[in-house]
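Let me begin by presenting the structure, written as structure tokens, before commenting on it.
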2 protein chains.
Amino acid sequence: MPAAHEIEVVIVEDDGEIRRLLTLIIDGSPGFSCKRAFSECESAMESIEKDPPDVVLMDIGLPGISGIEGVRSLKDRVAGTDFIMLTIQEDDQSIFDSICAGATGYLLKDTPPADLLAAIKEVYEGGSPMTASIARRVVSSFKKNVENPLTKRENEILARLCDGENYRDIAGALFISGDTVRAHIKNIYRKLQVSSRAEAVKKALKDGLI
Amino acid sequence: MPAAHEIEVVIVEDDGEIRRLLTLIIDGSPGFSCKRAFSECESAMESIEKDPPDVVLMDIGLPGISGIEGVRSLKDRVAGTDFIMLTIQEDDQSIFDSICAGATGYLLKDTPPADLLAAIKEVYEGGSPMTASIARRVVSSFKKNVENPLTKRENEILARLCDGENYRDIAGALFISGDTVRAHIKNIYRKLQVSSRAEAVKKALKDGLI
DNA sequence: CCAAAATTACCGCATATGGGCAATTGAATT
DNA sequence: AATTCAATTGCCCATATGCGGTAATTTTGG
């Protein structure tokens with residue numbers, strides 16, 4: 001009965017059938033161990049915090065505290081534990097909410113047993129298993145898809161606007177008059193279709209203009 | 001000589017040896033075709049834009065225009081083409097610059113031929129192949145690791161600050177006086193360690209406070 | 001080469017903003 | 001029960017900001 005090198009897994013899944021099945025697959029495979037399985041988040045969270053496993057398979061659609069909320073509050077307290085979300089179908093919002101909450105992997109419930117075990121092993125070894133289409137969505141979300149309508153000078157000023165510099169300081173740094181800075185900023189606002197510094201900063205950051 | 005279902009690949013790689021090797025591997029494999037290989041970005045970009053292939057293997061460390069720059073300017077013009085970056089070693093900055101530029105995959109140059117072909121096939125089918133550790137880094141970058149120091153009221157006001165609402169409108173929406181709004185904002189600034197709306201917006205967006 | 005856009009600059013004005021000071025309430029801790 | 005601290009509310013003032021208008025010079029693109 002080896003224990004040292006087994007990957008300890010905890011399952012949180014409300015469907016009793018699926019929970020039993022997952023437990024059997026994992027606990028029955030060499031190198032893996034699953035002695036704890038929960039049907040809801042509350043008791044699972046208590047147990048996980050008390051005795052952190054290596055990996056948690058977390059259902060997204062749980063009654064009560066959702067799996068995403070569970071990950072959010074647990075992730076900071078059990079830093080060494082990785083979370084793999086389980087879901088029926090891919091849903092953009094759930095995916096991003098999950099990874100923002102701290103989930104490391106994202107799998108569909110109908111993932112074949114062999115792939116499931118491979119995914120658990122992969123997170124344990126520092127990877128982030130996910131389906132091909134989810135990976136693409138995650139990567140695509142980084143892409144700056146708005147082409148920058150501003151000139152070089154305007155971008156320079158926008159960057160300083162975002163840092164909270166006032167007109168006078170910007171003027172001093174760029175060796176132009178404060179009024180010229182204002183003129184540029186008017187043009188920036190017009191091109192970004194905003195009418196205040198706050199909105200400009202928001203747009204600049206969201207669209208990756210700086 | 002089948003053409004319809006072959007994945008057409010273009011290689012941009014300055015090392016002649018590696019370029020030849022990659023070309024041989026790809027063009028010699030059924031289902032893949034590589035008739036164009038370049039040693040630098042300039043001519044590659046011209047050719048790729050004129051006749052867009054399915055996939056481009058792009059070296060990151062190119063003389064002249066870098067591979068990242070190449071992807072950045074090409075990606076918007078040849079929407080149907082996917083880019084896989086090739087690199088000697090994993091480097092956080094290069095990885096994120098690449099995916100922000102529009103690269104879909106990210107592989108090490110010592111990737112075995114079989115894995116290379118699998119990766120090309122994967123991007124062609126809508127995935128985003130990358131090494132396990134890169135996937136982890138990409139996913140980790142989403143994690144909100146700053147816990148929110150603001151009260152409910154302050155968060156509500158911060159959200160409106162980010163939308164560029166002025167004090168009076170915020171006051172009206174929350175049924176409090178403008179002066180109270182200002183007081184809250186002062187506390188928000190103190191907690192976020194900023195001293196202007198622009199900086200607060202930037203911090204809120206960067207740290208995922210809203 | 002010419003037209004359009006970018007960059008520079010100035011004026012005036014109404015309002016928004018940030019900083020300092022202070023009081024009350026409510027929750028938490030001692 | 002006493003006390004402390006955070007949250008909420010409020011006011012005054014100097015300055016920053018946004019907006020409207022005008023205009024000269026330089027750069028860019030067709």
Side-chain angles (χ1 to χ4, degrees), chain A residues 73 146-207 209-210, chain B residues 42 45-46 49 65 69 72-74 76-77 146-207 209-210:
Chain A
S73 52
V146 181
E147 96 294 346
N148 196 321
L150 305 181
T151 67
K152 199 180 195 116
R153 198 60 156 176
E154 287 165 350
N155 274 304
E156 203 167 354
I157 291 176
L158 177 60
R160 291 173 183 277
L161 274 186
C162 290
D163 285 335
E165 286 188 43
N166 63 27
Y167 294 175
R168 203 188 315 143
D169 291 345
I170 296 175
L174 301 184
F175 303 106
I176 56 180
S177 86
D179 283 314
T180 302
V181 174
R182 302 157 83 82
H184 282 301
I185 289 177
K186 282 179 212 174
N187 289 329
I188 292 172
Y189 289 177
R190 181 175 39 78
K191 291 182 183 176
L192 299 186
Q193 301 185 309
V194 300
S195 58
S196 73
R197 181 185 282 230
E199 292 172 282
V201 171
K202 185 178 179 182
K203 190 144 201 161
L205 291 176
K206 285 213 164 192
D207 293 352
L209 300 179
I210 56 170
Chain B
E42 288 78 354
M45 287 171 66
E46 193 183 331
E49 192 171 3
I65 297 179
E69 272 307 320
R72 206 193 312 282
S73 53
L74 277 172
D76 289 322
R77 286 181 283 174
V146 182
E147 96 294 345
N148 197 320
L150 306 181
T151 66
K152 200 179 193 116
R153 197 64 155 177
E154 287 165 349
N155 274 304
E156 203 167 355
I157 291 176
L158 177 61
R160 291 172 184 276
L161 273 187
C162 291
D163 285 334
E165 287 188 42
N166 64 27
Y167 294 175
R168 204 190 315 144
D169 291 345
I170 296 175
L174 301 183
F175 303 106
I176 56 180
S177 85
D179 284 315
T180 300
V181 173
R182 301 155 85 82
H184 281 301
I185 290 175
K186 283 174 212 171
N187 289 328
I188 292 172
Y189 288 177
R190 180 175 41 78
K191 292 181 183 177
L192 299 186
Q193 301 185 309
V194 300
S195 58
S196 73
R197 182 185 281 230
E199 293 171 281
V201 171
K202 185 179 179 182
K203 190 143 201 161
L205 290 177
K206 285 211 165 194
D207 292 352
L209 300 180
I210 56 169

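Chain A is the first sequence line, chain B the second, and so forth, proteins listed ahead of strands; every chain is numbered from 1. Hydrogens, waters and symmetry mates are skipped; everything else that's a heavy atom, side chains included, is used.
- In this structure, the CG atom of B:N166 is 13 Å from the C1' atom of C:dA14, given to the nearest Å.
- Closest approach of A:C162 to A:V201, counting heavy atoms only: CA-CG2, 3.7 Å.
- Checked against D:dG18, C:dT8, C:dC10, the side chain of A:D179 finds its nearest nucleotide in C:dC10.
- Distance, A:H184 NE2 to C:dA9 P: 8 Å, rounded to whole Å.
- For the pair B:N166 (side chain) and B:R168 (backbone), a donor-acceptor distance under 3.5 Å is present.
- A:T180 has no side-chain polar atom (N or O) that falls below the 4.0 Å cut-off from OP1 or OP2 of C:dT8.
- Across the protein-nucleic acid pair, A:N187 atom CG and D:dT17 atom C1' stand 16 Å apart, rounded to whole Å.
- For A:R197, the listed nucleotide lying nearest its side chain is D:dT17; candidates were D:dC19, D:dT9, D:dT17.
- If you take CZ on B:R160 and CG on B:D163, they are separated by 8.5 Å, rounding to the nearest 0.5 Å.
- When the P atom of D:dA16 is taken as reference, atom CG of A:L161 falls 15 Å away, rounded to whole Å.
- The phosphate of C:dG19 (OP1 or OP2) has no side-chain N or O of B:R190 nearer than 4.0 angstrom.
- The residue among B:S177 and B:T151 whose nearest nucleotide of DNA chain D is located toward the 5' end is B:T151.
- Residue contacts for B:K152: at a heavy-atom cut-off of 4.0 Å it reaches no nucleic acid atom on any strand shown.
- When distances run from any side-chain atom of B:I176 to the nucleotides D:dT9, C:dA6, D:dA7, the shortest one goes to D:dT9.
- Between A:Y167 and D:dT17 there is no side-chain polar atom (N or O) within less than 4.0 angstrom of OP1 or OP2.
- Atom pair A:E154:CD and C:dT8:P shows a separation of 10 Å (rounding to whole Å applied).
- Between the CG atom of B:L158 and the C1' atom of D:dT8 there is a distance of 17 Å, rounded to whole Å.
- If you measure from atom CD of A:E199 to atom C1' of D:dG18, you get 12 Å, rounded to the nearest angstrom.
- Counting any heavy atom pair closer than 4.0 Å across all strands shown, B:R168 reaches sugar-phosphate atoms only and no base atom.
- Side-chain atoms of A:S196 lie closest to D:dG18 of the nucleotides D:dG18, D:dT8, C:dA9.
- Looking at B:M45 and B:E69, their side chains never come closer than 4.5 Å, going by heavy atoms from C-beta outward.
- Using a 4.5 Å heavy-atom cutoff, the side chains of A:P149 and A:L192 are in contact.
- Comparing A:G164 and A:K186 against DNA chain D, the residue whose closest nucleotide sits nearer the 5' end is A:G164.
- The interatomic distance linking A:F175 (CZ) with C:dT7 (P) rounds to 18 Å, in whole Å.
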